[in-house]
Q: 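I'd like to ask some things about the structure below.
Naming convention: chains lettered A, B, ... in sequence-line order (proteins, then strands); numbering from 1 in each chain.
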Amino acid sequence: MRITLPDGSEMAAEKGQAVYDIVGKIGKKLQKDAIVAQLNDELADLSHKVTANASLKVFTFKNPEGKDAYWHSASHLMAQAVKRLFPDAKLAIGPSIENGFYYDFDVERSFTPDDVQKIEAEMAKIVAEDLPIVREELSMEKAIELFSSLNEPYKIELLRDLDAESVSIYRQGEFVDLCRGPHVPRTSRIKSFKLLTIAGAYWRGDEKRQMLQRLYGTAWPTADELDAYLKMREEVERRDHRRIGKELELYSIQEETGPGLVLWHTKGARLRNSIENFWRDEHYKNGYDLVYSPHIGRGQLWQTSGHLDFYRENMYSSMDIDGQEYYVKPMNCPFHIMMYRSRGWSYREFPLRWAELGTVYRYERSGVLHGLLRVRGFTQDDAHLFCRPDQMPEEIDRVLSFSLYMLRSFGFNDFKVYLATRPKEKSVGEDDKWQSAIKALEESVRRAGIEYEVDEGGGAFYGPKIDIKIKDALGREWQCSTIQFDFNLPERFDLTYIDRDGQKHRPIMIHRALFGSMERFIGVLIEHYAGRFPLWLSPVQVQIASITDETVDFAAGLRDRMMREGLRVEADLRNETIKYKIRDAIEKKVPYIGVIGGKEAAANSISVRKRGENTSESMPIDEFIARLKDEISRRL
RNA sequence: GCCCACGUAGCUCAGUCGGUAGAGCAUUUGCAUGGUAAGCAAAAGGUCACCAGUUCGAUUCUGGUCGUGGGCUCCA
């Protein structure tokens, strides 16, 4: 029997030999590190007996396949411990996830932190027992019988949904689980683990079904790797935008003002202003026009737009003005539509690109609110494009490249693109329109040469969309840019233009946002830069620190001069030591600290200390200002 | 909305097995006029989230409400 290795070389093996033994012949170290293997195109356990010629790949913890199996085995380990301590717990599912695993249980009472400790201890025992983990194939019938006898209703439900004649199960000691595998060969292979959090989770992600108890954990081959991972999580906590937002006095959300409603403090407002100014400039440069619209509109408008029919659960209840119903806007589109409807349009005037930083309010369920990333009042960097069908592909291309340009301007290069198709339930428009629009979006993404995923049924009720998501410090993805077709509003508001043929035609309407919302974008931006904003965005670009009382006037004068030059400067004139002021400025993460002492005042110079460096450089004030202006203009 | 945890000074957190609370930092004042990551000292600062209940007495126990965090579900 011949085994082909990834490098193309071949080796002999006896028929029926286990993968583990074959790997041993390749190398002892590899045998020790091996977790699972791939035989031809299928993943296999190390205990798998090879009966025919095959190609073989070995995976260790360094490979995604190895990690996956390792964490999956750790989840079984945890489930076994839970079953020992809570025999009545019903098993649901327990997959590996990014950096770890979870398992869902249906238990009488929820787990306490105390339980978690006991479970961890039991896991350690099972590891010490060094149980072999054994795969078994069963017919569907036998499997259902087995899990019925074990009283595992969730497993039976899973089995009944599987369209297969036979399934595999894995046993380790008294524990048995329905599982595709593969797994590590013995429980002793799971070396360093930690249970992280207890959470609730619906069975099969359906909020109408049973709420289960989910335990999250992580596992690593060595204690050092586990420690490193836990340290990394602490790092991530340190760059959480909620922590930095407070430390740098960017914003607050307070119980008394209302959850999900952001108060932008002075520093945060400066940051937001820099972003918005850039945004406005770039929009004018890219052929957009800017508009403004009100925060509330009459009920009739929202009736016509379909929002009251399709979006009501996200809208706040109406208010009465002179006996008429008004609603706070959850979207800006109807207002832009009304601007369009205010007069007739010729095909020669197309495309129209109308943008607005429009503040909208949406009801979000209390449990989903999250710092700046998920709020109830937010400002969208919204725009609506109206064009002829023949202009549509180019318009999508332009929006897409504009969007990527804007994100890259803020240092984002790690994003994911999704193509969202027609929702299964509520949606409007003929199917062929949907299909052609989806095709247009897909072609544009292809032309841009970007990788994307299809989000089946993830479109808006009024049309398909391209979503671009960027990651926060925890690696969670947040939707920012979105490009959406709208088949709904042009119909409902009977929008038309006069084409070359002198006849009325329906324009194509595209709705788009680049940052998504200022709140979410800035939230992600804070984490992205860990609060160390580049000079052009920093709320405070230079912090001036005077050394003695004698230099206070000079320092204050310098601050005023730099402010007049358009720089964002603050002066620390307190009666404190220079060491103290430097430390304070470093903690505020300002890009430049300018120290003014007697020498500087006499020479009209400034001692400049750049963020991240612990040395300073003395230079004439004019030179420093010129340097700042140059860096700002280059958006450094 | 659902599950779990949490809510003590501006911030970070101790603490009270039921007898109305404490530290560090920040703030204010005084001394020190200090040259690149915390000079010294003093003072001030709290209806212990809110509302009920139990109790002679609740910040502590119980229940509810609000809010926050981690998830789930849902979305920019």
Q: When you measure from the side chain of A:Lys416 to the backbone of A:Ile468, do you find a donor-acceptor pair of N or O atoms at a distance under 3.5 Å?
A: no

Q: With respect to the phosphate group of B:A76, does any side-chain polar atom (N or O) of A:Lys469 fall under 4.0 Å of OP1 or OP2?
A: no

Q: One thing to verify: whether A:Lys267 and A:Glu247 come together as a salt bridge, which I'm taking to mean a side-chain N less than 4.0 angstrom from a carboxylate O.
A: no

Q: Would you tell me if any nitrogen or oxygen in the side chain of A:Ser110 comes within less than 4.0 Å of OP1 or OP2 on B:C3?
A: no

Q: Taking everything shown except A:Glu249 itself, do over 12 heavy atoms lie less than 6.0 Å from its CD?
A: no

Q: Look at the side-chain N and O atoms of A:Arg242 and state whether any lies under 4.0 Å from the OP1 or OP2 oxygen of B:G69.
A: yes

Q: Within this structure, what is the CG-to-P distance between A:Leu212 and B:G71, rounded to whole angstrom?
A: 18 Å

Q: Please determine whether a side-chain nitrogen or oxygen atom of A:Arg574 lies at a distance below 4.0 Å from atom OP1 or OP2 of B:U27.
A: yes

Q: Looking at residues at least two apart in the chain, or sitting in another chain, which of them share a side chain to side chain contact (heavy atoms under 4.5 Å, CB included) with A:Ser75?
A: A:His72, A:Phe101, A:Tyr103

Q: Which nucleotide in the list B:C11, B:C3, B:A76 gets nearest to the side chain of A:Met211?
A: B:C3

Q: Under a 3.5 Å cut-off on both pairing distances, which runs of 3 or more consecutive Watson-Crick or G-U pairs involve RNA chain B?
A: B:1-7 with B:66-72, B:10-13 with B:22-25, B:27-31 with B:39-43, B:49-53 with B:61-65

Q: Using every non-hydrogen atom in the two residues, find where A:Leu91 and A:Ala79 come nearest and quote the distance to one decimal.
A: CD2-CB, 4.0 Å

Q: Without decimals, in angstroms, what is the distance between A:Lys579 NZ and B:C40 C1'?
A: 16 Å

Q: Grab the CZ-P distance between A:Phe105 and B:C4 for me, whole Å please.
A: 17 Å

Q: Checking side-chain polar atoms at under 3.5 Å, does A:Asn277 have a donor or acceptor matched by the opposite partner on A:Ser274?
A: no

Q: Is A:Phe378 stacked on the base of B:A76, meaning ring centres closer than 5.5 Å and planes within 30 degrees of each other?
A: yes

Q: If only side-chain N and O atoms of A:Tyr202 are considered, is one of them under 4.0 Å from the OP1 or OP2 phosphate oxygen of B:C74?
A: no

Q: Using heavy-atom distances to pick each residue's nearest nucleotide on RNA chain B, tell me which of A:Tyr216 and A:Leu372 is more 5'.
A: A:Tyr216

Q: Look at the side chain of A:Glu600 against the base of B:G35 and say whether a donor-acceptor pair falls under 3.5 Å; ignore hydrogens and angles.
A: yes

Q: Output yes when at least one side-chain N/O atom of A:Thr577 is less than 4.0 Å from OP1 or OP2 of B:G39, else no.
A: yes

Q: Round to a whole Å and report the spacing from NE2 of A:His370 to C1' of B:U73.
A: 16 Å

Q: At less than 3.5 Å, do the side-chain atoms of A:Arg374 and the base atoms of B:C74 form a donor-acceptor pair?
A: yes

Q: A:Gln213 has an atom CD; how far is it from atom C1' of B:G70, in whole Å?
A: 13 Å

Q: For A:Leu369 and B:U73, give me the distance from atom CG to atom C1', rounded to whole Å.
A: 14 Å

Q: Hey, which sits more toward the 5' end of RNA chain B by its nearest nucleotide, A:Arg583 or A:Lys465?
A: A:Arg583

Q: Between A:Arg233 (CZ) and B:G70 (P), how many Å, whole number?
A: 11 Å

Q: For A:Ser618 and A:Lys599, test the side chains for any donor-to-acceptor distance below 3.5 angstrom and give the result as yes or no.
A: no

Q: Choosing from B:G1, B:U33, B:U12, which nucleotide comes nearest the side chain of A:Val368?
A: B:G1

Q: Please determine whether a side-chain nitrogen or oxygen atom of A:Ser366 lies at a distance below 4.0 Å from atom OP1 or OP2 of B:G1.
A: yes

Q: Could you tell me how far apart A:Tyr592 (OH) and B:U36 (C1') are, to the nearest whole angstrom?
A: 17 Å

Q: Between A:Arg609 and B:G35, is there a side-chain N or O to OP1/OP2 distance below 4.0 Å?
A: no

Q: So, under a plain 3.5 Å distance rule, would you say the side chain of A:Glu587 forms a donor-acceptor pair with the base of B:A38?
A: no

